[in-house]
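Written below as structure tokens is the structure these notes are about.
Bear in mind that the values here come from a model prediction, so they are computed numbers and not experimental data. Naming: A, B, ... by sequence-line order, numbering from 1 per chain.
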Amino acid sequence: SQQGEEDPQALSIQEGENATMNCSYKTSINNLQWYRQNSGRGLVHLILIRSNEREKHSGRLRVTLDTSKKSSSLLITASRAADTASYFCATDLGNQGGKLIFGQGTELSVKP
Amino acid sequence: SQTIHQWPATLVQPVGSPLSLECTVEGTSNPNLYWYRQAAGRGLQLLFYSVGIGQISSEVPQNLSASRPQDRQFILSSKKLLLSDSGFYLCARTTVLNTEAFFGQGTRLTVV
């Protein structure tokens, strides 16, 4: 079964708006990562947050982690049309040599 | 360099034919290597992962197998393809110290 589950499955917003995507997971983790995938391409790593961290920023990205609720959120501020892509969370369980389990993803569409 | 080479980019194969997809990795020794499959509009399903030469862990029962004949080479195979083997196959690598995954560009397999 999938460890991470994102919601919403699809999100459509206007340029300049903020986009928030959520990820829930089931078991204890070492870290949680967010990836982006343009259509038909490989995934690109965006940001990693460790289990002892609560919030992390990278440019227009803000990630939060709540280990008590086993959930994370990815916020993209001031979105651009170029942010249109699918976004996935992935969990590293920490005890299996860095094996990453991915969720089903959120498809983000940013309209100009 | 964190380059991962995957080929071919697209492949159309008849049902019952064999399959061999190759992935080679540059820039690091003793990487953890992964094969994921992605159905259209879905998340990534972990198929196999390897922590070293000749060491393969299978995540789901299926018609596919994997081998790691060299440290930086990971091969996905099938003796007889099924229609359900169609999908987007992605190779990825991590290291024990850094679980950020780098992905190849993927192979889109269509079984007809």
Shared ILVMFWY cluster between B/L21 and B/V112, side chains joined below 4.5 angstrom? no
On a heavy-atom basis, the closest approach of B/L90 and A/G42 is CD2-CA, 3.8 Å
Test of understanding: clusters of I, L, V, M, F, W, Y form through side-chain heavy atoms closer than 4.5 Å, transitively. Do B/W7 and B/I4 belong to the same one? no
Pair A/Y35 and B/Y36, ring centroids less than 6.0 Å apart: no
Is B/L11 reachable from B/L83 through a run of hydrophobic residues whose side-chain heavy atoms are each under 4.5 Å from the next? yes
Could you report the tightest heavy-atom contact between A/F88 and B/Q38, atom names first, then the distance? CZ-NE2, 3.5 Å
Non-hydrogen atoms of chain B under 4.5 Å away: do they reach the side chain of A/E107, the backbone, both or neither? neither
CZ (A/R50) with more than 12 external heavy atoms under 6.0 Å: no
Could you look at B/Q6 and say if it's the side chain, the backbone, both or neither that has a heavy atom under 4.5 Å from chain A? neither
Determine yes or no for a side-chain-to-main-chain donor-acceptor pair under 3.5 angstrom, with A/Q104 supplying the side chain and B/R42 the backbone. no
Is it true that A/L75 and A/V63 fall in one hydrophobic cluster, defined by side-chain heavy atoms closer than 4.5 Å? no
Part of A/Q9 within contact of chain B (heavy atom distance under 4.5 Å): neither
Drop me the distance from A/I101's CD1 to B/E59's CD, to the nearest 0.5 angstrom. 6.0 Å
Working to the nearest 0.5 angstrom, can you tell me the gap between A/H45 NE2 and B/F103 CZ? 10.0 Å
For the CZ atom on A/R80, are there more than 12 heavy atoms of other groups (residues, nucleotides or ligands in this structure) within a distance under 6.0 Å? no
Side-chain heavy atoms nearer than 4.5 Å, only ILVMFWY residues, links allowed to pass through others: does that put B/L33 and B/I75 together? no
Would you indicate whether the side-chain heavy atoms of B/L44 and A/L43 approach each other to under 4.5 Å? yes
Region of B/R108 that comes under 4.5 Å of a non-hydrogen atom in chain A: side chain
Shortest non-hydrogen separation from A/R41 to B/F88 and the atoms involved: O-CE2, 3.5 Å
